[in-house]
Amino acid sequence: MKVTEVSCKSALSKSGLGFEYALNPYRGCEHGCTYCYAPAVLRETRPWGQFVDIKRTIPSILAKELRRRRKGLVGIGTVTDGYQPVEQRYEVTRRCLEQLLKIDFPVSIQTKSSLIFRDLDLLQQFSQVDVGVTITTLDENFRKVFEPRAASIRERLAALEQLNAHGIETWLFVGPILPHVTDKDLEGLVKAAVQAGVQEIFMDKLRLKAGTWKRVLNGLQQNAPELIEPFRRVLWGKTDYFKTIGNQITNLCRSYGIRCEVAFESALG
Ligand code: SF4
């Protein structure tokens with residue numbers, strides 16, 4: 001893992017993901033999820049998952065920017081995970097949260113790490129904060145194939161449970177739905193979310209951006225070659241696979257009494 005400290009010119013950027021602003025304390029992500037679209041968004045050519053640029057100066061730049069920005073929802077971790085392992089040492093995300101808290105900007109954080117629980121003391125002081133944790137499968141072996149250096153499923157569920165127990169609003173992100181992997185235990189996934197106290201489930205399908213398929217394929221070739229053809233059929237064949245799975249999750253959410261939102265709603269019947 002190549003870790004480099006870098007300077008940055010700005011902190012907040014525009015976001016097309018339903019936030020007013022996006023904030024990414026790091027460039028790159030140790031978690032190295034094979035399906036990650038961030039390298040395509042960033043036009044990053046270095047091997048994804050093998051480098052992290054630490055934006056050491058971003059908290060002070062953020063402090064200045066916040067003074068002149070209109071209050072709006074800040075999404076933390078749209079193209080990186082603010083709680084990837086380096087955060088334990090560098091605490092850049094925590095320093096940014098401290099700045100956001102000073103003027104109480106609303107915050108939405110998405111992560112695959114239980115390290116977020118470290119910042120509970122800050123999170124509890126915001127007027128508006130929510131935390132989303134991603135889980136794409138309950139099978140730890142498949143988790144390692146697609147999200148090799150992210151926290152285990154058990155740790156993520158424990159983080160959700162702890163955050164909820166301490167009054168933080170949480171949601172589960174089932175995304176991307178991985179063909180013939182995520183669907184192995186959909187009811188178990190919804191049940192686990194309900195047991196952890198999650199208020200809402202969001203889901204999205206696997207979307208291929210530049211370079212994504214190459215990394216997914218590489219992971220499958222090395223660890224689960226039997227899934228290559230089923231993946232190809234779903235991604236390039238004429239199938240309503242995602243619509244079917246989306247409907248199944250929606251129905252499960254209904255029967256378990258949990259809110260549910262799909263990012264590919266137009267595809268659902
Ligand atoms: S945790 Fe998120 S940003 Fe990091 S590699 Fe995985 S999908 Fe990409």
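Start at 1 with the first residue, then count along the sequence. Since the structure is predicted, the reported quantities are computational estimates derived from the model, not experimental observations.
In this structure, Arg56 contributes its side chain and Ser7 its backbone to no donor-acceptor pair below 3.5 Å. In this structure, the side chain of Asp139 engages the main chain of Asn141 through a donor-acceptor pair within 3.5 Å. Here the side chain of Asp81 pairs a donor or acceptor atom with the backbone of Lys112 at under 3.5 angstrom. Checked by atom type and distance alone, the side chain of Gln124 pairs as donor or acceptor with a backbone atom of His166 at under 3.5 Å. Between the side chain of Arg259 and the backbone N or O of Arg254 there is no donor-acceptor pair closer than 3.5 Å.
When the options Val74, Thr78, Ile76 are evaluated for a side-chain contact (heavy atoms from CB on, under 4.5 Å) with Phe19, the one that passes is Thr78.
Of the inter-residue distances, the one linking Arg69 atom CZ with Lys64 atom NZ reads 14.0 Å to the nearest 0.5 angstrom. Atoms CG and OG1, on Asp119 and Thr93 in that order, are 8.0 Å from each other to the nearest 0.5 Å.
Sequence neighbours left out, the pairs with a member in residues 216-235 that pass side-chain hydrogen bond (donor to acceptor under 3.5 Å, both in side chains) are Asn218-Gln222, Glu229-Arg232. The side-chain hydrogen bond (donor to acceptor under 3.5 Å, both in side chains) analysis of residues 128-138, with sequence neighbours excluded, yields the pairs Ser108-Asp130, Gln110-Thr134, Asp130-Trp171, Thr136-Glu147. Applying the salt bridge (charged side-chain N to carboxylate O under 4.0 Å, His left out) test to every pair with at least one member in residues 30-49, sequence neighbours left out, gives these pairs: Arg27-Glu44, Glu44-Arg46, Arg46-Asp53. Judged as a side-chain hydrogen bond (donor to acceptor under 3.5 Å, both in side chains), the pairs with a partner in residues 174-198 (not counting sequence neighbours) are, in order, Asp183-Tyr241, Glu187-Tyr256.
Classification of Arg118 and Glu87 as a salt-bridged pair holds, one side-chain N sitting under 4.0 Å from a carboxylate O.
Counting side-chain heavy-atom gaps under 4.5 Å among Ile, Leu, Val, Met, Phe, Trp and Tyr, Ile61 is found in no cluster with other residues.
For Phe231, the ring pair (Phe, Tyr, Trp, His ring centres under 6.0 Å) partners are Phe146, not counting sequence neighbours.
Remark: the Thr170 side chain and the Asn164 side chain contain an N/O donor-acceptor pair separated by less than 3.5 Å.
Contact of the Gln84 side chain with the Leu115 side chain is not registered, since no non-hydrogen atoms from C-beta on lie closer than 4.5 Å.
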